[in-house]
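Inspection log for the structure reproduced underneath, given as structure tokens.
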Amino acid sequence: LKIAEGCDNRCSYCVIPSLRGRYRSRPAQELVEEAESLARRGVRELVLVAQDTTRYGEDLYGRPALAGLLRSLAKVEGIEWLRVLYGYPDRITDELIDVIASEPKIVKYIDIPIQHVNARILKAMNRRGTKEELVTLIAKLRARIPGLTLRTTVITGFPGETEEEFAELVQFVKDMQFERLGAFAYSCEEGTAASLMEDQIPDDVKKHRQELVMEEQSEISAQKNAESVGKKIRVLAEGYDRWAECCFGRSASDAPEIDGKVFFSSKDKVRPGSFVDVIVEDVMDYDLMGTVV
């Protein structure tokens with residue numbers, strides 16, 4: 001469910017503002033009506049997206065309004081899960097944290113792309129906030145939202161990134177233990193401020209640094225997934241994998257298309273769009289495997 005178009009953040013590596021213009025929120029009533037229409041067609045999960053979901057409402061209402069929108073969407077009959085992607089760390093308000101923590105339909109999952117943590121690199125990226133503020137925010141989120149799955153993305157090989165600055169990013173990934181993380185090698189986009197910067201990093205170095213981050217995250221994910229073995233989780237069924245000869249779906253900790261899946265066997269036929277309880281029995285890379293209770 002796209003809640004806004006365009007972007008005002010002007011990150012130095014991103015061409016989106018030039019292509020899509022200023023940030024424009026969609027009216028809340030329009031979004032609720034679309035959600036109701038989707039629910040009537042059988043949709044069970046809404047994933048809220050925008051270039052910056054946490055900026056929602058500022059242009060229409062003069063203040064952040066994502067928390068209020070979530071409360072309204074949670075009242076839509078038939079929608080079981082609400083998920084928020086692409087939030088900016090410095091715009092995560094106490095009100096938003098409270099509504100995510102208290103509303104049963106909002107999955108305890110937040111995606112806040114950080115891109116980097118080194119002060120000089122963040123400034124060059126035209127990103128707001130500091131590493132210290134990120135540490136404080138992450139501690140607050142985990143303290144106030146029990147069972148939270150925290151997802152982020154980082155960029156490796158930004159122009160001028162030194163070995164020491166990259167090592168600082170890797171150490172942060174180790175320290176924060178994100179449940180979900182994607183690393184991307186910097187892409188030089190024509191028309192961006194970053195494309196004109198000196199000290200562009202060679203492609204093989206950017207790619208190698210990306211692989212190092214993902215190797216670190218792979219170990220973190222393996223450990224966290226192993227902790228799920230033996231537990232019962234709620235799964236939204238999505239279909240049947242004829243190669244694996246079992247059903248598959250997602251838990252509340254997995255966003256569609258970007259996170260892992262849950263593969264499971266069932267004595268009874270499972271309809272896509274239905275919810276089942278699965279006992280986790282094994283782990284395969286970023287995916288879980290189990291049996292319907």
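Index from 1, following the sequence.
At distances below 3.5 Å, at least one donor-acceptor pair connects side-chain atoms of Tyr56 with backbone N or O atoms of Ala28. Under the 3.5 Å distance criterion, the side-chain polar atoms of Glu179 are matched with a main-chain donor or acceptor of Leu150. Side-chain atoms of Glu103 do not come within 3.5 Å of backbone N or O of Ile100 as any donor-acceptor pair. Panel note: side chain Asn118, backbone Arg120; a donor-acceptor pair is recorded below 3.5 Å. Remark: side-chain polar atoms of Gln171 are not paired, donor with acceptor, to backbone N or O of Glu168 under 3.5 angstrom. At distances below 3.5 Å, at least one donor-acceptor pair connects side-chain atoms of Ser274 with backbone N or O atoms of Arg271. Between the side chain of Thr54 and the backbone N or O of Tyr88, at least one donor-acceptor pair lies under 3.5 Å. A donor-acceptor pair under 3.5 Å links the side-chain atoms of Arg26 to the main chain of Lys2, judged by distance alone. For the pair Asn126 (side chain) and Arg10 (backbone), a donor-acceptor distance under 3.5 Å is present. Checked by atom type and distance alone, the side chain of Lys108 pairs as donor or acceptor with a backbone atom of Ile106 at under 3.5 Å.
Considering every non-hydrogen atom in both Ala194 and Tyr186, the closest pair reads CB-OH, 3.3 Å. Nearest heavy atoms, Ala50 versus Tyr23: CB-OH, 4.1 Å. Between Ile16 and Cys7 the shortest heavy-atom distance is CG2-CB, 4.3 Å. Heavy atoms only, all atoms of each residue included: Pro113 and Gly87 are closest at CD-O, 3.4 Å. Shown here for Lys261 and Glu238, the closest heavy-atom pair between the two residues is NZ-OE1, 3.0 Å. Of all non-hydrogen atoms in Ile114 and Thr152, the two that sit nearest each other are N-OG1, 3.1 Å.
For Asp285, the CG atom is loosely surrounded, since the number of other residues' heavy atoms within 6.0 Å does not exceed 12. The environment of CD in Glu227 is crowded: more than 12 heavy-atom neighbours from other residues, nucleotides or ligands sit within 6.0 Å.
Side chains of Asp254 and Ser251: a donor-acceptor N/O pair is present below 3.5 angstrom, by distance only. Side chains of Glu58 and Ser25: no donor on one and acceptor on the other come within 3.5 Å. Using modelled atom types and a 3.5 Å distance limit, the side chains of Glu189 and Ser187 yield a donor-acceptor pair. Residues Lys207 and Gln210 have side chains that bring a donor and an acceptor to within less than 3.5 angstrom of each other.
Contacts of Arg22 classified as side-chain hydrogen bond (donor to acceptor under 3.5 Å, both in side chains), with partners at least two apart in sequence or in another chain: Asp8. Evaluation of the salt bridge (charged side-chain N to carboxylate O under 4.0 Å, His left out) rule for Asp94 yields Lys140, Arg144 as partners, not counting sequence neighbours. For Ala255, the side chain to side chain contact (heavy atoms under 4.5 Å, CB included) criterion is met by Arg83, Leu85, Tyr109, Ile258, Asp259, not counting sequence neighbours. Listed by chain and number, the residues in a side chain to side chain contact (heavy atoms under 4.5 Å, CB included) with Val32 are Glu36, Ser72, Leu73, Val76 (sequence neighbours excluded). Evaluation of the side-chain hydrogen bond (donor to acceptor under 3.5 Å, both in side chains) rule for Arg71 yields Glu95 as partners, not counting sequence neighbours. Residues that satisfy the side chain to side chain contact (heavy atoms under 4.5 Å, CB included) test with Asp277, not counting sequence neighbours, are Lys232, Arg234, Val293.
For the atom pair NZ (Lys131) and CD1 (Ile121), the distance works out to 13.0 Å, reported to the nearest 0.5 Å. To the nearest 0.5 Å, atom CG of residue Leu212 and atom NE2 of residue His208 are 4.0 Å apart. Atom OG of Ser253 is separated from atom CG of Asn225 by 9.0 Å, given to the nearest 0.5 angstrom. Distance CD/Glu215 to CD/Glu211: 7.0 Å, rounded to 0.5 Å. Within the model, atoms SG of Cys14 and CZ of Arg127 stand 9.5 Å from one another, a figure rounded to the nearest 0.5 Å.
Using a 4.5 Å heavy-atom threshold, the side chains of Val47 and Leu82 count as separate. Leu236 has its side chain within reach of Glu45: a pair of non-hydrogen atoms, C-beta onward, lies under 4.5 Å apart. Between Leu48 and Leu70 there is a side-chain heavy-atom pair separated by less than 4.5 Å. Side-chain contact between Glu161 and Lys206 is absent, with no heavy-atom pair separated by less than 4.5 Å. Residues Thr291 and Val278 form no side-chain contact, since every pair of their non-hydrogen atoms from C-beta on lies 4.5 Å or further apart. A 4.5 Å side-chain heavy-atom check between Ile220 and Lys224 finds at least one atom pair inside the cut-off. In this structure, the side chains of Glu245 and Phe263 stay at 4.5 Å or more apart for every pair of heavy atoms. The shortest distance between side-chain heavy atoms of Val84 and Asp111 does not fall below 4.5 Å.
Ring orientation note: the planes of Phe275 and Trp81 are nearly perpendicular, at an angle over 60° on the 30°/60° scale.
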Worked check of side-chain contact (heavy atoms from CB on, under 4.5 Å) between Asp52 and Arg91: CA-CA 9 Å; Asp52 176 0; Arg91 292 180 178 276; 3.6 Å; yes

Full working for side-chain contact (heavy atoms from CB on, under 4.5 Å) between Ile110 and Ile145: CA-CA 10 Å; Ile110 303 179; Ile145 308 176; 3.9 Å; yes

Full working for side-chain contact (heavy atoms from CB on, under 4.5 Å) between Met289 and Val280: CA-CA 6 Å; Met289 293 174 285; Val280 179; over 6 Å; no

Candidate pair Asp282 and Val229, rule side-chain contact (heavy atoms from CB on, under 4.5 Å), full reasoning: CA-CA 6 Å; Asp282 203 354; Val229 174; 5.7 Å; no

Test log, rule side chain to side chain donor-acceptor pair (under 3.5 Å), inputs Arg128 and Asn9: CA-CA 9 Å; Arg128 301 180 298 273; Asn9 289 313; 3.1 Å; yes

Working for side chain to side chain donor-acceptor pair (under 3.5 Å), residues Thr192 and Glu190: CA-CA 6 Å; Thr192 63; Glu190 185 178 352; over 6 Å; no

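Seen from the ring of Tyr86, Arg55 does not count as a face-on cation partner, given the 6.0 Å and 45° thresholds.
Both Ile112 and Val213 are members of a single hydrophobic cluster when ILVMFWY side chains are connected at heavy-atom separations under 4.5 Å. Connection of Ile155 to Leu134 is not established within any shared hydrophobic cluster, with ILVMFWY side chains joined at heavy-atom distances below 4.5 Å, either directly or through further cluster members. Two different hydrophobic clusters hold Leu122 and Phe166 under the rule that ILVMFWY side chains link at heavy-atom gaps under 4.5 Å. Under a hydrophobic-cluster definition in which Ile, Leu, Val, Met, Phe, Trp and Tyr are linked whenever side-chain heavy atoms come within less than 4.5 Å, directly or via other members, Leu46 and Val49 are assigned to different clusters. Side-chain heavy atoms closer than 4.5 Å link hydrophobic residues (I, L, V, M, F, W, Y) into clusters, and following such links, even through other members, never connects Phe172 to Phe184.
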